[in-house]
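Chain naming here is simple, since letters A, B, ... match the order of the sequence lines and numbering starts at 1 in each.
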Amino acid sequence: MPAFEVLVEVTLRPGIADPQGATIERSLPLLGVGGVSGVRVGKAIRLTVEASDDDEARRVVEDLCARFLTNPVIEDATVSVAAASMR
Amino acid sequence: MTDRPLARSLGLTDDEVDRIEAVLERDPNHLELAMFSVMWSEHCSYKSSSIHLGRLPTEAPHVLVGPGEGAGIVDCGGGVALAVRIESHNHPSAIEPYQGAATGVGGILRDIFSMGARPIAVMDPLRFGPLDDPRSRWIAEGVVAGISGYGNAVGVPTVGGELQVDPCYAGNPLVNVLALGLLPVERLVLGRASGVGNLAVLLGSTTGRDGIGGVSVLASAGFSADEEVEAAKRPNVQVGDPFEEKRLIEACLELLERGLAVGVQDLGGAGLTCATSETASKGGAGMDVWVAAVPQREPGMLPVEVMTSESQERMLAIVTPDDLAAVLDLADRWDVRATVVGEVTGTGRLRILDRQAGEVLADVPAASLEEDKPQYARPRQPPADRADRLADDPARLPLPTDCGPDLLALLAHPSIADTTWVHRQYDSQLFLNTVVAPGADAAVLRLKAPGVPAADGSKGIALTTDGNGRWCSLDPRQGTAMVVVEAALNIATAGARPLCLVNNLNFGNPEHPEVMWQLSEAIDGMAEACLALDLPVVGGNVSLYNESQGRDIDPTPIVGVVGLIDELDVPPPAVELVEGGVLVLLGGRADRAASVAGSLWADHLHGHRSGQLSPLDLARAARLGRLLVELVADGLVFGAHDVSDGGLGVCLAELCIASGLGARVIEVADASTLFSEAGGRVVVCADGDGAAAGIARRALAAGVSHQILGTVEGASLAVEDLVSVPVLELDAAWRGALPSLLR
Amino acid sequence: MAATVGIVVFPGSNCEHDVAEAVTRLGATARLVFHKETSLAGADAVVLPGGFAHGDALRPGAIARFSPVMAAVEAFAAEGGPVVGICNGFQVLCEAGLLPGALQKNRGLAFLCQEVELVTVSERSALTADVPSGTCLRVPINHFEGCYTAAPEVLAGLHERDQVVVRYADNPNGSAGDIAGVSNEAGNVVGLMPHPERASHELLGSEDGNVLLTALLKSAGRPAAALR
């Protein structure tokens, strides 16, 4: 079965306060950087998934996101599936 | 022919290579050279300091285990013993503050639970450069976050410590860590491998390439100005995993409680090499180690890497073949990896084999790594400017007529200011033992721990760490004695009798004769004070090469002192005043002029770091300690604080701030006396005139000089002719300093 | 007969012995229940203690909720048995969906170990049954991720249905509505960030936590219906 490299990006849902992102954004002027806004901090999770095709790989990971990898009260996830490689 | 350039790159001198050849009666191979290089490193071998350490007093009837084992162990009575140890993680913390400090906590905890003791307290004495320097601030914030992140998650409360700031630590911070644990006396185990055919079981994390040569490269050399050289050291820093350690603690304590291990040894500096050779040589046995059996984090690791890796959260247990199944079951219950990696032999040799019954890669006498280590009587010489510095008396400094502004400046100094910013980040309360929390003169804990039968009655312990590089730079011998006295008085104000002392000797480059002189003098000063104060030294650590760009730090011996409180039924006196109270100075008088030599006032406000420290009377300090314990037990002390950094002025101000009450003090000779840091003095608050007079009579009878200073009244600290500042203003300066510097 | 309090031990839990000590002192029997067990073995009340279950990997409580013991905890809660999550235990209950909302990093982005003043709100939860609303209690907090968060409509519902159990007098961590602890609708499942067991002895500076723990032991002795 082919294996797919999957990237899950977990971010706080819109409207949920992100004190880490806010802190980073506030510190940017100290570095002399202007014109940067909308800083949000999340996490990236990489997985290798064996599946018949990329749709199946995506379904497996989206189910995992809903049940475990994110807390739907505060977090959203986007799932990206990269090209398959044979194991 | 031994590969001498290789040996040198591993940190071995040519003389040391000769010595290895003599021990082996042949040329060592690469693996053997690497093993000797880590075991004979300064960090593991104490080769520069061991000839001096023998002068410290180490014995007392209640000392069960003295220096040389994982931790010192003393009997608290009622079948309960305590294990205590102090270590440093200075160099790793300079390079990667968070992980350096975190793995320092992890390492010291393994020393405690490897002896069967449940760790119940951690303390962190810290030294940083000035916090208005971004690099020092980065180090300080990272170190505190690392202690918090690891200590809280591993489930051991951090109950105290110190924060001191001085420019000499800018390039080389000090991150020391003390840990204390409790055990039932009968569970005491030592790191011993005995019984031919017994198995060496490696518990915990996998072995990776992290921390290879950490003891020889990082801990046994100073810092250079070359950024590339320093950047290359970064891979030597290990990453800590408190969750792994937490499971290891539970698994190891259960292992020992159920009697399933002959011996347990932590893997610290020098990794498997140190753990296997020490357990084998202390048990009078030999050991075979099978490299391929060691679980490895990445493919292609060389035997030399496996044997010298300092990967964290690993323990070695010596187990009989009959108990192996039970040990593996127990480890599985706690999700701890457990692997047989070798066996005890009767040969007295430590042999490294590629696999069981495989090729022999190294073969050395197990004891030689430890017992044949070099010992150096390095040259000692007082600094060339010593006479000039002693003669440069600070009496020439201009004394203020109004001492208020100087007092406020001292209260805002990071070495004195409120440390809530730091200790609020530490779990200081776990196990429901913490009666006096961080920020006081000494932490006070109830003497109990999960899995340890309760001691009889309501015993408690007091513990403190102290150090003062400024005093020691003027006079390492007396300065060190003053540090020991301060620590002893800190526990005495909590009503605790002295039990034991551990020390961490932070010094510069031992190849500098001035540094060796400082070290030798400090050890003598410590020995004198410990003898006078009945404090056996039960353990210690020596951290050398604390230098940056060729400049040594001030000599900074740090001591941890533990005391026993027989009946802890009510909280001991805190740093506070009570309404209607009367202040009594014990251990000296303030109506006679005293020197500011070595004081923070002279240093911070006048850049003056010279002169002769005020004389110290060790016998009187011992009498004062005993008197304080009696006064506290009799319920006569309603508040207490030792006179230390910032002198009597800061001591009084902190008493006022803590209670929000003012005080009116008379008969302080002059500004110099107000800021003098002459040792061995404590201010206590009595409950009224009669009680104060009673304390004065007891002091007279005990041969302790004393002076009734004044009364608790008003909303200002008023010292006749010298100071008049509202307590609110003192409070703002003291409380505001650290939050304005740190994030 | 003394109530038996089952205290769940996840790998990384660290307050289990403290809770045991505190409830034992109040006359209860404490029993540690390892996370791999599948039965609560006759407990009258269950406490999920503080600590760092599974090292707080992914999110605090995210892995612990899948422990074998949690099915038994959920069944016990469904029957109306009192279940209290303290600190990390609160995080586990939220992740498990037994309590509404979630806990985020403190607004100040720092770990906080300090005493706070709590005010009781509900008078019917397993932890505050018969404790007059408005009672002030000094109890320590000890957490990095204690900022209570929920959608506005969920928050409104909590107030309507008397599910706010305790609130902070002076909000230390940015929690929505100053909420320090909440219950489920029935009131038998409660989570709170402060540690009542740390305020259980005069030598620790406060005994106020005993007010909450005593209420829990009373709830344990009651038929489940009485809580509703």
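When H201(C), H35(C), E16(C) are compared by the number of non-hydrogen pairs under 4.5 Å with chain B, H201(C) comes out ahead. When each of E244(B), R424(B), K246(B) is scored by its heavy-atom pairs under 4.5 Å with chain C, the top score falls to R424(B). Counting heavy-atom pairs closer than 4.5 Å to chain B, the top residue among P140(C), G205(C), A22(C), A110(C) is P140(C).
Within the model, atoms SG of C113(C) and CD of Q425(B) stand 11.0 Å from one another, a figure rounded to the nearest 0.5 Å. Taking NZ of K36(C) as the start and CG of D332(B) as the end, the distance is 5.5 Å to the nearest 0.5 Å. Atoms CG and CG, on L203(C) and N433(B) in that order, are 10.5 Å from each other to the nearest 0.5 Å. With rounding to the nearest 0.5 angstrom, the CG atom of D427(B) is 5.5 Å from the CZ atom of F111(C). Between the CD atom of E250(B) and the CG atom of N14(C) there is a distance of 9.0 Å, given to the nearest 0.5 Å.
Of the two parts of V570(B), only the backbone, made up of N, CA, C and O, holds a non-hydrogen atom closer than 4.5 Å to a non-hydrogen atom of chain C. Contacts of P571(B) with chain C are made by both backbone and side-chain atoms, with heavy-atom separations under 4.5 Å. Within the 4.5 angstrom heavy-atom criterion, atoms from both the backbone and the side chain of S428(B) approach chain C. Looking at R247(B), the atoms closer than 4.5 Å to chain C (heavy atoms on both sides) all sit in the side chain, from C-beta outward. Only the side chain of F34(C) comes within contact range of chain B, with heavy atoms under 4.5 Å apart. Both the backbone and the side chain of F431(B) come within contact range of chain C, with heavy atoms under 4.5 Å apart. Interface residue R333(B): backbone and side-chain heavy atoms are both found under 4.5 Å from chain C.
Within 6.0 Å of atom CG in D170(C), 12 or fewer heavy atoms from other residues, nucleotides or ligands are found, so the atom counts as exposed in its surroundings.
Of residues 139-146 of chain B, not one residue has a non-hydrogen atom less than 4.5 Å from any non-hydrogen atom of chain C. Inspection of non-hydrogen atoms places F52(C), H54(C), G55(C) of residues 49-62 of chain C under 4.5 Å from chain B. The interface of residues 191-200 of chain C with chain B, defined by heavy-atom distances below 4.5 Å, comprises E197(C), R198(C), S200(C).
Shortest non-hydrogen contact noted between C15(C) and L430(B) is SG-CD1, 3.7 Å.
Applying the side chain to side chain contact (heavy atoms under 4.5 Å, CB included) test to A179(B) and every residue at least two apart in sequence or in another chain returns I108(B), L109(B), I112(B), V122(B).
Between L204(C) and T434(B), the closest side-chain pair of non-hydrogen atoms is not below 4.5 Å.
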